Amino acid sequence: MPDNFSAFSSPDDPAGRRSAVYAIMAQIPPGKVISYGELAALAGLGRAARWVGRLMSQLPDDTTLPWHRVIAAGGRLSLPAGSAAGAEQRARLRAEGLTIVKDRVDMRRHGWRSTESSG
DNA sequence: CGAAGGGCAGTTT
DNA sequence: CAAACTGCCCTTC
């Protein structure tokens, strides 16, 4: 029930959306991952998945947010391993115990409960 | 049936 | 209007 997030942010406030996304990211547990779309949806942005990724790029280098736990849908890694962020994501994810195969992660095991059905 | 890869479309800046 | 760290559907192995 992401409706609660509206308590500290309003969808009408462009600045509030960012705070919402940051809040969701901070809620992502270690060893798990979430997709931009879900992150956007949970933040109340709806289908603004692209916008979330954009927000990541805007993140500062001194950010303490687990942005590396945010990946594409289905556990797909869009970030190129040749990029600093791309290599960083894979490096950090694996450091948490994830299993990356062919730029793919097991959402069945590492996917956040966002995609969980009943257990 | 399940997993992987490519193309078109929605949202925000 | 155009661009961007995406998402879902279809097809192939």
Side-chain angles (χ1 to χ4, degrees):
Chain A
M1 64 327 193
D3 297 336
N4 287 5
F5 292 110
S6 301
F8 59 86
S9 72
S10 195
D12 293 339
D13 288 336
R17 299 185 196 191
R18 281 188 281 208
S19 294
V21 177
Y22 294 139
I24 309 296
M25 293 170 73
Q27 286 293 67
I28 305 173
K32 298 281 177 66
V33 292
I34 183 173
S35 64
Y36 299 95
E38 290 184 3
L39 178 58
L42 292 173
L45 302 171
R47 299 294 213 199
R50 298 290 297 258
W51 177 85
V52 173
R54 172 75 43 157
L55 186 58
M56 303 277 214
S57 188
Q58 283 235 180
L59 279 173
D61 290 345
D62 62 345
T63 186
T64 58
L65 289 167
W67 60 269
H68 59 270
R69 293 189 194 141
V70 186
I71 60 180
R76 295 162 55 186
L77 274 71
S78 180
L79 277 68
S83 186
E88 190 71 359
Q89 197 184 51
R90 285 165 180 84
R92 293 194 179 206
L93 290 174
R94 294 180 85 110
E96 294 196 348
L98 266 104
T99 306
I100 304 174
V101 180
K102 288 176 65 75
D103 288 359
R104 213 75 15 147
V105 188
D106 213 338
M107 286 295 258
R108 319 286 285 193
R109 294 159 45 94
H110 303 300
W112 204 19
R113 41 87 164 263
S114 302
T115 52
E116 196 74 21
S117 295
S118 57

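Note that the coordinates shown come from a computational prediction; the quantities given were computed from them, not determined experimentally. Each chain gets a letter, A, B and so on, in the order the sequences are listed, and its residues count up from 1.
None of A:Leu39, A:Ile24, A:Val52, A:Leu55 except one satisfies the side-chain contact (heavy atoms from CB on, under 4.5 Å) rule with A:Leu45; the exception is A:Val52.
Between the CG atom of A:Leu55 and the P atom of C:dC5 there is a distance of 12 Å, rounded to whole Å. Note: CG (A:Asp103) to P (B:dG5) measures 8 Å, nearest angstrom. Rounded to whole Å, atom P of B:dT12 lies 14 Å from atom CG of A:Leu39. Rounded to an integer number of Å, the gap from A:Arg76 CZ to C:dT6 C1' is 8 Å. As rounded to whole Å, 21 Å separates atom P of B:dT11 from atom CD of A:Gln58. Distance A:His68 NE2 to C:dC5 C1': 15 Å, rounded to the nearest Å. Put simply, CZ on A:Arg50 is 5 Å from C1' on C:dT6, counting in whole angstrom units. When the P atom of C:dC5 is taken as reference, atom CG of A:Leu93 falls 18 Å away, rounded to whole Å.
Looking at heavy-atom distances under 4.0 Å, A:Ser35 makes contact with sugar-phosphate atoms alone, never a base. Residue A:Ala85 is classed as a base contact, given a heavy-atom separation below 4.0 Å to a base. At the heavy-atom level, A:Arg104 lies under 4.0 Å from the strands shown only through sugar-phosphate atoms.
When Watson-Crick and G-U wobble pairs are counted only if both distances are under 3.5 Å, B:dG10 pairs with no nucleotide at all. Across all strands shown, nothing is found opposite C:dC5 as a Watson-Crick or G-U wobble partner with both distances under 3.5 Å.
The main-chain N or O of A:Val70 is found under 3.5 Å from a side-chain atom of A:Gln89 such that the two form a donor-acceptor pair. Judged purely by atom type and a 3.5 angstrom limit, A:Arg69 uses its side chain to pair as donor or acceptor with the backbone of A:Ile28.
Taking every side-chain heavy atom of A:Arg47 into account, B:dT11 is the closest of B:dA4, C:dT6, B:dT11.
Between the side chains of A:Glu96 and A:His110, no donor-acceptor pair is found at a separation under 3.5 Å.
Put simply, the side chain of A:Leu93 does not reach to within 4.5 Å of the side chain of A:Thr99, judged on heavy atoms.
In this model, the phosphate group of B:dT13 is approached by a side-chain N or O of A:Trp51 to a distance below 4.0 Å at OP1 or OP2.
In terms of position on DNA chain C, the residue among A:Gly74 and A:Leu79 whose nearest nucleotide sits closer to the 5' end is A:Leu79.
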